[in-house]
Number of protein chains: 2
Amino acid sequence: MGVQEVQACLDSAHQRCSESGLRLTQKREQILRLMLEAEAPLSPYEVVDLYNAQAEQSMPPNSAYRILDFLAEANLVHKLNSANKYIACSHIACSHPHSASQFLICSQCKTVKEVMMEPKLLKEIQKNVSSAGFKMRHPSVELECLCGDCSES
Amino acid sequence: MGVQEVQACLDSAHQRCSESGLRLTQKREQILRLMLEAEAPLSPYEVVDLYNAQAEQSMPPNSAYRILDFLAEANLVHKLNSANKYIACSHIACSHPHSASQFLICSQCKTVKEVMMEPKLLKEIQKNVSSAGFKMRHPSVELECLCGDCSES
DNA sequence: TTTTAAATGATATGTTATATCATTGCATAT
DNA sequence: ATATGCAATGATATAACATATCATTTAAAA
């Protein structure tokens with residue numbers, strides 16, 4: 001993601017936060033930028049290491065955990081539960097609303113691709129949930145895959 | 001799950017293992033029984049505690065990890081990645097083959113319900129994967145839900 | 001029985017996550 | 001501007017989780 005795209009995401013993030021009364025503080029913005037630039041899933045400790053290396057400051061682990069949680073709550077990053085890592089949402093700067101995500105995670109090189117689920121597909125999943133008497137809270141699907149490159153070799 | 005059902009699962013598990021050349025040892029069977037009786041997701045350390053309490057023996061954590069991995073490989077238990085816990089497969093004693101599972105996890109009381117996905121639904125998910133140039137390895141869908149009881153209160 | 005490989009145990013240690021309390025910084029009202 | 005109060009962050013310690021290494025046991029096969 002290029003510099004100007006990152007900036008567009010940050011601008012959009014600021015706008016969305018202020019609209020919903022959330023505070024995108026300096027630290028939070030720094031972490032978000034770092035996530036956008038990384039374009040790969042990062043664990044809180046990896047974020048700490050990256051931050052400390054770049055900023056020549058010292059962020060304690062608990063701050064990283066808190067900030068990543070905040071960004072996930074604000075839907076600016078997604079939490080990949082299967083890996084306990086976070087990745088920047090690839091649609092921050094999109095204006096149009098988007099359906100739930102399907103995360104394709106390469107088990108070998110750990111690349112992650114976020115693709116949208118068609119509303120129809122989501123509805124079918126939802127249907128299974130309802131007929132079991134459950135209510136869906138957070139539709140997110142993480143799939144163990146091989147990416148194109150890794151499946152060739 | 002009643003005693004006789006548990007026994008049916010264990011019998012079925014023994015049969016399936018010997019058919020595929022896997023060794024369902026005494027320890028592994030003990031852990032599987034424990035999982036079947038629990039009917040709830042358990043972490044390796046929870047398994048250790050339960051085992052040590054019941055058996056008055058001492059199983060080290062690494063053994064629990066290994067045994068749970070084995071049982072998951074053998075498809076006798078499922079690994080819930082989002083919680084890093086394991087739960088006994090609810091279809092061990094079924095003779096008919098079954099499609100991929102959809103796990104409904106109650107965020108409040110942690111109840112887990114394992115429902116089957118219709119092959120059609122699985123195919124649609126698969127289609128998204130393919131068109132992104134990925135290959136699916138392990139189709140498992142874990143959904144953050146509220147169960148019937150918890151959504152009432 | 002002897003041999004061999006797989007399974008388990010003992011132990012240590014690395015990694016990840018969180019709890020608690022102190023401090024800082026920012027928004028609001030005065 | 002300044003004071004006040006709450007949210008955010010930092011410092012620190014420790015709990016919880018996961019794995020690496022090597023020794024020992026167990027069970028299958030020769």
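For the numbers below, each heavy atom of this structure counts, side chains included, while hydrogens, waters and symmetry mates do not. Keep in mind the model is a prediction, meaning the values are calculated, not measured. Chain naming here is simple, since letters A, B, ... match the order of the sequence lines and numbering starts at 1 in each.
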Does A:Arg23 reach a base, just sugar-phosphate, or nothing at all? Heavy atoms under 4.0 Å.
sugar-phosphate

So, A:Ser101 side chain and A:Glu114 main chain: donor-acceptor pair closer than 3.5 Å or not?
no

Within this structure, what is the CG-to-P distance between A:Asn62 and D:dA7, rounded to whole angstrom?
18 Å

To the nearest angstrom, the CG-P distance between A:Leu80 and C:dT16 comes to 15 Å

From CG of B:Leu24 over to P of D:dT26, roughly how many Å is that when rounded to an integer?
18 Å

When you measure from the side-chain N and O atoms of A:Ser63 to the phosphate of D:dG10, is any distance below 4.0 Å, counting only OP1 and OP2?
yes

Can you measure B:Tyr65 atom OH to D:dA16 atom C1' for me and round it to whole angstrom units?
9 Å

What contact category does B:Arg28 fall into here, base, sugar-phosphate, or nothing, at under 4.0 angstrom with non-hydrogen atoms?
sugar-phosphate

Take atom NZ in A:Lys113; do more than 12 heavy atoms of anything else shown fall under 6.0 Å from it?
no

Quick check: is A:Ile87 connected to A:Leu50 through a chain of hydrophobic side chains (ILVMFWY, heavy atoms under 4.5 Å apart)?
no

When rounded to whole Å, the CG to C1' distance for the pair B:Leu68 and C:dT8 reads 14 Å

When you compare the side chain of B:Lys135 with that of B:Val129, does any pair of heavy atoms fall below 4.5 Å?
no

Rounded to whole Å, the OH-P distance (B:Tyr45 to C:dT18) equals 16 Å

Please state how far atom CG in A:Asn84 lies from atom C1' in C:dT16, giving the value in whole angstrom units.
9 Å

Taking CG from B:Leu22 and P from D:dA28, how many angstroms apart are they, rounded to a whole number?
14 Å

